[in-house]
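First the structure, in the form of structure tokens, and then the observations on it.
In what follows, every heavy atom counts, from backbone to side chain, and hydrogens, waters and symmetry copies are set aside.
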Amino acid sequence: MWFTVLTMIWLLSISVSDIRKRSVPVWMLAPGGVLAGIMFVSQQGATGDVPGILPGVILLVTAFITKKAGYGDGIVMLFLGIMSGGGESLLIFAAGLCFAAIFSLILLGLRKAGRNTRIPFLPFLAAAWLIVAVF
């Protein structure tokens, strides 16, 4: 239970930073790395971690090649993949993308954003993680 609460506090704090500054300081990523390391050690290097980190790797490669995603998004997704495992990691990633798409469609429909408007992704990952963790 405490692990879930700590992870949610971490996700909320980096989400607020992502919304306000459109970036996440490296020092704010460190607690997630510690949580992921604790989870990895407690699982004793479970084999489910390789599929779990794939969404994070995809985001990091996308950030590197296209510059359309943030490195922080990929790093956070890597940590969430280690913490939650393969199936849940893919579900978190897919749900986060769906939430971001719905939000983007609403903004486009209301004419509050254009085609090239950038939105922060970490709040959607936090919401997706919360839903997956609770249910």
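- Note: the hydrophobic cluster containing Met39 does not contain Leu90 (ILVMFWY, side chain heavy atoms under 4.5 Å, direct or indirect links).
- Across every non-hydrogen atom of Lys67 and Arg118, the tightest pair is O-NH1, 4.0 Å.
- For the atom pair Thr7 OG1 and Met83 CE, the distance stands at 5.0 Å (nearest 0.5 Å).
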side-chain contact (heavy atoms from CB on, under 4.5 Å) between Leu107 and Ile119, intermediate numbers included: CA-CA 10 Å; Leu107 288 179; Ile119 60 170; 4.2 Å; yes

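- Remark: Met8 CE to Ser13 OG distance equals 9.5 Å, nearest 0.5 Å.
- The shortest non-hydrogen separation linking Pro120 to Arg22 is CD-NH1, 2.9 Å.
- At distances below 3.5 Å, at least one donor-acceptor pair connects side-chain atoms of Asp18 with backbone N or O atoms of Leu122.
- Taken to the nearest 0.5 Å, the CG atom of Leu125 stands 12.5 Å off from the CG atom of Leu130.
- The two residues Ser89 and Gly81 make their nearest non-hydrogen contact at OG-CA, 3.5 Å.
- A donor-acceptor distance shorter than 3.5 angstrom exists from the side chain of Ser17 to the backbone of Ser23, with no hydrogens or angles considered.
- Rounding to the nearest 0.5 Å gives a distance of 12.0 Å between CG of Leu97 and CD1 of Ile92.
- A continuous path of Ile, Leu, Val, Met, Phe, Trp and Tyr side chains, each step under 4.5 Å between heavy atoms, connects Ile75 with Trp27, placing both in one hydrophobic cluster.
- With hydrophobic clusters built from ILVMFWY side chains whose heavy atoms lie under 4.5 angstrom apart, Phe93 shares a cluster with Val61.
- Note that the CZ atom of Phe79 and the CD1 atom of Ile14 stand 9.5 Å from one another [nearest 0.5 Å].
- Shortest non-hydrogen contact noted between Ala36 and Ile82 is O-CG2, 3.5 Å.
- Between the side chain of Thr66 and the backbone N or O of Ala63 there is no donor-acceptor pair closer than 3.5 Å.
- A single hydrophobic cluster is seen to contain both Phe64 and Phe121, as judged by linkage of ILVMFWY side chains at heavy-atom distances under 4.5 Å, directly or through other members.
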Pair Leu80-Leu11, side-chain contact (heavy atoms from CB on, under 4.5 Å): steps then yes or no: CA-CA 10 Å; Leu80 290 177; Leu11 285 171; 4.1 Å; yes

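- Heavy atoms only, all atoms of each residue included: Leu108 and Arg115 are closest at CD2-N, 4.3 Å.
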Residue pair Leu6, Trp2: steps toward the side-chain contact (heavy atoms from CB on, under 4.5 Å) verdict: CA-CA 6 Å; Leu6 289 175; Trp2 64 271; 3.3 Å; yes

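- No single ILVMFWY cluster, assembled from side-chain heavy atoms under 4.5 Å apart, contains both Val16 and Val24.
- Heavy atoms only, all atoms of each residue included: Gly74 and Leu59 are closest at CA-CB, 3.6 Å.
- Phe124 pairs with exactly one of Phe103, Phe99, Trp129 by the ring-ring contact (aromatic ring centres under 6.0 Å, His included) rule, that one being Phe103.
- Atom OG1 of residue Thr117 and atom NZ of residue Lys112 lie 12.0 Å apart, to the nearest 0.5 angstrom.
- The shortest distance between side-chain heavy atoms of Trp10 and Val76 falls below 4.5 Å.
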